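Encoded as structure tokens, the structure appears first; notes follow it.
Keep in mind that the numbers below use all heavy atoms, side chains included, and drop hydrogens, waters and symmetry copies. Model, not experiment: these values are computed from the prediction.
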Amino acid sequence: MINSTIIGQMIAFAIFVLFCMKFVWPPLIGAINERQRKIQDGLTAAEKAKADLASADKQIEQEFAAAKTEAASIIERANKTANQMIEDAKAQARLEGERIIAQAHATIEQEVAQSRDQLRKQVAQLAVLGAEKILQDKVNEQEHASMLDQLAAKL
């Protein structure tokens with residue numbers, strides 16, 4: 001039994017469906033499509049960011065390795081420089097030590113020569129005193145200087 005109420009409701013429902021298809025669904029479909037596009041763009045951007053992050057991680061590892069290598073090189077150069085400075089200081093100290101030893105030898109030789117001269121003079125004086133006692137007369141150093149010099153040279 002189809003009566004006029006059901007026909008009226010069917011006509012109203014058909015008009016409502018047409019109205020929705022014409023005016024409501026296109027904006028909703030457009031909004032849904034826009035939202036899907038934004039989500040897809042977000043996923044694409046996330047994938048790109050993930051790839052960029054992986055690339056940045058690789059670059060960081062490379063730069064870290066390069067920095068580590070450079071640091072090792074700097075340390076090695078510093079060690080070489082320090083060793084060279086130590087060797088230079090040792091060589092300079094060795095030269096300074098040799099100079100001091102040579103100077104000490106020269107001073108010792110000079111003091112030995114002075115001591116010999118003083119000893120010769122003392123021996124000459126003792127020889128003169130001994131000769132005076134033996135001769136029981138005074139020996140004149142100036143008159144017998146050549147003889148005393150020969151005696152001192154022999155000693």
Side-chain angles (χ1 to χ4, degrees), residues 16-155:
F16 177 73
V17 169
L18 289 175
F19 177 78
C20 284
M21 285 177 60
K22 182 81 172 171
F23 295 108
V24 176
W25 287 355
L28 285 177
I29 297 291
I32 289 172
N33 288 337
E34 179 66 23
R35 180 73 177 148
Q36 284 178 342
R37 187 186 58 75
K38 285 182 181 179
I39 290 171
Q40 186 61 37
D41 289 348
L43 290 174
T44 305
E47 287 295 322
K48 185 177 186 247
K50 190 175 180 182
D52 288 347
L53 180 62
S55 173
D57 283 343
K58 286 181 184 177
Q59 185 176 1
I60 287 170
E61 287 177 16
Q62 290 173 350
E63 288 181 12
F64 183 70
K68 195 173 184 181
T69 303
E70 185 177 347
S73 172
I74 290 170
I75 289 170
E76 184 178 338
R77 284 194 313 255
N79 286 336
K80 284 182 182 178
T81 302
N83 289 338
Q84 183 62 39
M85 290 172 69
I86 289 170
E87 291 300 320
D88 290 347
K90 283 181 182 178
Q92 188 173 358
R94 193 175 306 115
L95 289 174
E96 183 67 19
E98 289 173 1
R99 185 189 66 78
I100 290 171
I101 290 171
Q103 187 178 11
H105 284 304
T107 303
I108 289 171
E109 287 177 15
Q110 186 179 18
E111 289 178 3
V112 166
Q114 287 175 352
S115 296
R116 284 184 182 161
D117 286 343
Q118 288 177 354
L119 185 60
R120 283 184 187 143
K121 288 179 184 177
Q122 288 176 357
V123 168
Q125 288 175 352
L126 288 173
V128 168
L129 288 174
E132 282 179 356
K133 289 203 178 211
I134 291 173
L135 297 175
Q136 303 230 341
D137 194 10
K138 188 167 187 173
V139 176
N140 189 349
E141 286 185 41
Q142 292 166 350
E143 291 177 9
H144 302 96
S146 64
M147 179 179 71
L148 291 175
D149 286 341
Q150 288 176 357
L151 178 65
K154 288 181 183 178
L155 297 175

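Side-chain contact annotation: Thr81 with Arg77, donor-acceptor N/O pair under 3.5 Å absent. Judged purely by distance below 3.5 Å, without hydrogens or angles, the side chains of Gln92 and Asp88 never pair a donor atom with an acceptor atom.
When atom types are taken as modelled, the side chain of Thr69 and the backbone of Ala65 share a donor-acceptor pair closer than 3.5 angstrom.
The CD atom of Glu96 sits 10.5 Å away from the CD1 atom of Ile101 when rounded to the nearest 0.5 Å. The distance from the CD atom of Gln62 to the CD atom of Gln59 is 7.0 Å, given to the nearest 0.5 Å. Going from atom CD1 of Ile100 over to atom OG1 of Thr107 covers 11.5 Å, rounded to the nearest 0.5 Å.
Partners of Lys50 according to the salt bridge (charged side-chain N to carboxylate O under 4.0 Å, His left out) rule, which considers only residues two or more places apart in sequence or in another chain, do not exist here. Scanning for side-chain hydrogen bond (donor to acceptor under 3.5 Å, both in side chains) contacts around Glu34 gives Arg37, with sequence neighbours left out.
Other residues, nucleotides and ligands contribute over 12 non-hydrogen atoms within 6.0 Å of the CD atom of Gln114.
Salt bridge absent: Glu98 and Arg94 never bring a charged side-chain N and a carboxylate O closer than 4.0 Å. Between Asp117 and Arg120, at least one side-chain N (NZ, or NE/NH1/NH2) sits under 4.0 Å from a carboxylate O, which counts as a salt bridge. Here Glu61 does not pair with Lys58 in a salt bridge; the nearest charged N to carboxylate O distance is not below 4.0 Å.
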Listing, residues 22-33 side-chain donor-acceptor contacts under 3.5 Å, not counting sequence neighbours, or none:
unit_1	atom_1	unit_2	atom_2	d
Asn33	ND2	Ile29	O	3.3

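Between Glu47 and Leu43 the shortest side-chain heavy-atom distance does not fall below 4.5 Å.
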